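The block underneath contains the structure these notes are about, expressed in structure tokens.
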Amino acid sequence: MTVRTRFAPSPTGFLHIGGARTALFSWAFAKKHAGQFILRIEDTDVARSTPEAVQAILDGMHWLGLDYDEGPFYQMQRMDRYKQVIQTMLDAGSAYYCYSSKEELDALREQQMANKQKPRYDGKWRPEAGKVLPDVPQDIQPAIRFKNPQAGVVVWDDLVKGRIEIANAELDDLIIARADGTPTYNFCVVVDDSDMGITQVIRGDDHVNNTPRQINMLMALAAIDANIKVPQYAHLSMILGSDGQKLSKRHGAVSVMQYDDDGYLPEAVLNYLARLGWSHGDDEIFSMQQFAEWFDLDHITPSAAQFNTEKLNWINAHYIKQADNAYLVADITKRLAKLNIAVSDQPNLSSVIDLYKERINTLNELAANIAYFYQKPVIDEVASEKHLTADIKPVIASLVESLQSIDWQAELIHQAINDVVTQYQLKFPKVAMPLRVMLTGIAQSPSIDQVMALLGKDEVLARIKSAMN
RNA sequence: GUCCCCAUCGUCUAGAGGCCUAGGACACCUCCCUUUCACGGAGGCGACCCGGGUUCGAAUCCCGGUGGGGACGCCA
């Protein structure tokens, strides 16, 4: 049987890091088994679903390069199918109309909570042999409930967590269609996973409690239609924020696109996410192709993982070092533009990037660090006070003299500095540091002769002149 | 409250009863490289939640506790 997995987000917000990992693992599982990965948009909550969110999810998937073989399917476009299935369930007696009003249900729930009981539907409208149902109220549009078995247990072998067993007595009759006729999540999932031939449902941990209900519905459906099969389930634990707290909109949950804005490479985010809750021995850095070959559900940790920006930074730094300069040039040009800095031909951007790409963690850092090549630096006061001392100015003046007449190459610049250093009986940094401050604005930079070579003679002399005054 | 899940260095993890004196990675510290800061290289610090049991032998299996998390919607 061909493996078919799916990622099924609800379009009520952006694609966040947890969703991205779920998608990644589903994707990898399908790739590993030469199967298909399907994208399904679960938009039955009409009030909260938005086209913007759909787009945001699509953008996130695209940025990460998580390509899908089928879809996106939209549940709202499958209404006829859901209604058809509901009708068969109604006909078969595995679903029934419930006329309890929302107010009535709310009151019931409140009372149960007050009594320290698990809130659940009381089965008022559940048909039972020999039971007399209340009179149907005329002013209430009924919802439709699934008639969940009351005895026995639901058991499944979770591919991540192992055997899970939940008693039917813990479950109540869930609503599968609202009063307005729209079907609800748990029901649509069941129909879709079945219709789409999903073999492994890989999803977040928060769905564990939905699973027995879904299995029960699938079994009820299977009794009507022999083609219906129960998929396997794999529940992924959640990703916690760096403080160990649950990620929420208020609390650290950001769109994967934010990582793009913040200067992370998609391959770095992917590699980081792959290692969060999954492992392949001691391997830390690997390509997505490698990941797809290695991926298995057996090596997924069942416990929650805490997000760690330092490690993401380290991985990102690695991928920046590996990155192709043509790509970096295009990317950094855009990032500099956002800082209102136009890249000119003069210091060649690719050369500038070569000077810096091994020293930084993010693309934003890279852009910020090289900004001084394309605009006058702002001189850091602390650095200036420390290094631009009065006694060094004659030395710099003397250096300027010799710089004026040399061929503008790093080695010759280095030689010129060395000569001045010798002449004044100083140490190299004594001259290099003030130069750094005058040319870059700060006290840290790559080797100063290389910086000067790239900056160009005119610009170097102009900056020194301006800083000397 | 009820049900479900989880538990190895600060963090991500390796670990399928003896290969464990618990390995790797990030972070941190030290040293080396050095023209400052990084990069890189070499070292170091640092963990099996607790208590019982099973066994010749437990990080690994079982039970209990504790702690953390999740679910309990006409949300998904």
Side-chain angles (χ1 to χ4, degrees), chain A residues 8-12 42-45 47-49 75 98 100-102 105-106 109 112-120 141-145 158 160-162 164-167 169-172 174-186 188-189 204-212 235 237-238 240 242 244-246 272 275-285 298-299 301-315 317 321 356-361 369 383 387 414 417-418 421 427-433 435-437 442-449:
Chain A
S10 65
T12 55
E42 312 221 317
D43 54 356
T44 53
D45 185 354
R48 295 200 306 154
S49 299
Q75 290 186 323
C98 168
S100 296
S101 68
K102 276 185 193 172
L105 262 14
D106 287 345
R109 189 170 14 251
Q112 287 166 330
M113 296 277 259
N115 293 341
K116 309 218 172 207
Q117 288 172 313
K118 187 172 185 167
R120 55 198 310 184
Q141 274 293 316
I144 299 171
R145 287 184 187 269
D158 196 277
V160 173
K161 293 181 184 288
I164 299 181
E165 195 174 310
I166 294 174
E170 292 296 329
L171 274 22
D172 63 357
L174 73 155
I175 288 177
I176 59 175
R178 302 175 177 90
D180 67 6
T182 55
T184 59
Y185 166 76
N186 277 110
C188 297
V189 165
D205 204 320
D206 45 339
H207 288 292
V208 166
N209 293 277
N210 288 326
T211 306
H235 288 100
S237 63
M238 54 190 306
L240 272 21
S242 23
Q245 298 296 301
K246 185 187 180 180
Y272 176 72
R275 279 290 287 110
L276 208 52
W278 177 83
S279 61
H280 184 264
D282 289 339
D283 295 306
E284 296 287 350
I285 302 273
D298 297 338
H299 288 84
T301 322
S303 55
Q306 205 166 305
F307 193 87
N308 184 256
T309 308
E310 268 90 40
K311 187 153 185 184
L312 207 213
N313 283 343
W314 172 73
I315 293 179
K321 282 175 204 150
Y356 272 88
K357 69 193 283 194
E358 300 210 337
R359 320 167 53 86
I360 42 81
N361 287 328
N369 274 312
H387 300 290
H414 187 86
I417 299 173
N418 255 341
V421 162
K427 298 267 189 209
F428 195 97
K430 189 70 185 154
V431 179
M433 293 309 291
L435 282 174
R436 274 200 177 86
V437 176
I442 58 172
Q444 302 83 35
S445 84
S447 96
I448 193 63
D449 39 43

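Just so it is clear, the model here is predicted, and its values are computed rather than measured. Chain A is the first sequence line, chain B the second, and so forth, proteins listed ahead of strands; every chain is numbered from 1. Just so you know, these numbers use all the heavy atoms, side chains as well, and skip hydrogens, waters and symmetry mates.
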- Task: Decide yes or no, distance alone: a donor-acceptor N/O pair under 3.5 angstrom between the base of B:rA71 and the side-chain of A:N210.
- Result: no

- Which whole number of Å gives the distance between the P atom of B:rG64 and that of B:rC6? 14 Å

- B:rA27 and B:rG69, which share atom name C1', separated by this distance in whole Å: 25 Å

- Looking across every strand, which nucleic acid part, if any, lies under 4.0 Å from A:P119 by heavy atom: base, sugar-phosphate, or nothing? base

- Query: Which part of the nucleic acid, if any, lies within contact of A:T309, taking any heavy atom under 4.0 Å across all strands shown: a base, the sugar-phosphate backbone alone, or nothing?
  - Reply: nothing

- Gap between atoms CG and P, on A:N361 and B:rC39 respectively (whole Å): 8 Å

- B:rG40 versus B:rG15 - spacing of their P atoms, nearest Å: 27 Å

- Quote, to the nearest angstrom, the C1' distance that separates B:rG44 from B:rC61. 36 Å

- Would you indicate what A:S237 reaches in the nucleic acid, counting non-hydrogen atoms under 4.0 angstrom: base, sugar-phosphate, or nothing? nothing

- Message: Using every non-hydrogen atom in the two residues, find where A:E42 and A:S49 come nearest and quote the distance to one decimal.
- Response: O-OG, 4.5 Å

- Identify whether any heavy atom of A:R120 sits under 4.0 Å from a base atom; if not, whether one sits that close to sugar-phosphate; answer base, sugar-phosphate or nothing. nothing

- How close or far is atom P of B:rA7 from atom CG of A:D205, stated in whole angstroms? 11 Å

- Quickly work out the A:D282 CG to B:rC26 P distance and round it to whole Å. 12 Å

- Note on the structure: On RNA chain B, more 5' by nearest nucleotide between A:H280 and A:L312 is A:H280

- Does B:rU11 have a Watson-Crick or wobble partner in any strand here, with both distances under 3.5 angstrom, and which is it? B:rA25

- Message: Considering every strand and a 4.0 Å limit on heavy-atom distances, what is the contact class for A:S447: base, sugar-phosphate, or nothing?
- Response: base

- Message: Base, sugar-phosphate or nothing for A:K116? Non-hydrogen atoms, less than 4.0 Å.
- Response: sugar-phosphate

- Nearest-nucleotide check on RNA chain B, A:I360 vs A:L105; residue mapping nearer the 5' end is A:I360

- For the pair A:R145 and A:D172, find out whether any cationic side-chain nitrogen is under 4.0 Å from an anionic carboxylate oxygen. no

- Taking OP1 and OP2 of B:rA76, is either one under 4.0 Å from a side-chain nitrogen or oxygen of A:T44? yes

- Message: For A:T211 and A:H235, which I'm curious about, is there any donor-acceptor pair between the side chains at under 3.5 Å?
- Response: yes

- Query: Which nucleotide, in any strand shown, forms a Watson-Crick or G-U wobble pair with B:rC19, with both distances under 3.5 Å?
  - Reply: none

- Query: Considering every strand shown, what is the Watson-Crick or G-U wobble mate of B:rC72 when both distances are under 3.5 Å?
  - Reply: B:rG1

- Note on the structure: B:rG67 -> Watson-Crick or G-U wobble partner, both distances under 3.5 Å, gives B:rC6

- Message: Within the 4.0 Å heavy-atom criterion, would you say A:T182 contacts the bases, only the backbone, or no part of the nucleic acid?
- Response: nothing

- pair_partner(B:rC31), Watson-Crick or wobble, both distances < 3.5 Å, evaluates to B:rG41

- Message: Categorize A:P212 for me: base, sugar-phosphate, or nothing, with a 4.0 angstrom heavy-atom threshold over every strand shown.
- Response: nothing

- Message: Ignoring hydrogens and geometry beyond distance, is the side chain of A:R436 in donor-acceptor contact with the base of B:rU35 at under 3.5 Å?
- Response: yes

- Task: Check every strand shown and say whether A:K161 touches a base, only sugar-phosphate, or nothing at a heavy-atom separation below 4.0 Å.
- Result: sugar-phosphate

- How is A:K321 classified with respect to the nucleic acid when contacts are heavy atoms under 4.0 Å: base, sugar-phosphate, or nothing? sugar-phosphate

- Nearest-Å distance for atom pair NZ/C1', residues A:K357 and B:rG40: 16 Å

- Message: Mind checking if A:A443 touches a base, just sugar-phosphate, or nothing, with heavy atoms under 4.0 Å?
- Response: base

- Query: Do A:E358 and B:rG40 share a donor-acceptor pair, side chain to base, under 3.5 Å?
  - Reply: no

- Would you indicate what A:I175 reaches in the nucleic acid, counting non-hydrogen atoms under 4.0 angstrom: base, sugar-phosphate, or nothing? base

- Separation of A:Q117 atom CD from B:rC3 atom P, in whole Å? 12 Å

- Message: In whole Å, I'd like the distance from the CG atom of A:L240 to the P atom of B:rG69.
- Response: 8 Å

- Message: With a 3.5 Å cut-off and heavy atoms only, can you find an N or O donor on one side and an acceptor on the other between the side chain of A:D206 and the base of B:rG70?
- Response: no

- Task: Under 4.0 Å between any heavy atoms, over every strand shown, what does A:H235 touch: base, sugar-phosphate, or nothing? Just pick one.
- Result: nothing

- Roughly how many Å is it from CZ in A:F307 to C1' in B:rA27, rounded to a whole number? 15 Å

- Would you mind classifying the nucleic acid contact of A:M238 as base, sugar-phosphate or nothing, using non-hydrogen atoms under 4.0 angstrom? sugar-phosphate

- Note on the structure: Closest to the side chain of A:R48, out of B:rU2, B:rA76, B:rU35, is B:rA76

- Message: Does B:rC74 have its OP1 or OP2 closer than 4.0 Å to a side-chain nitrogen or oxygen of A:T184?
- Response: no

- Query: Quick one: the side chain of A:H387 and the base of B:rU36, do they pair up donor-acceptor inside 3.5 Å?
  - Reply: no

- Item | Value in whole Å for how far the P atom of B:rC6 lies from CD1 of A:I164 | 7 Å

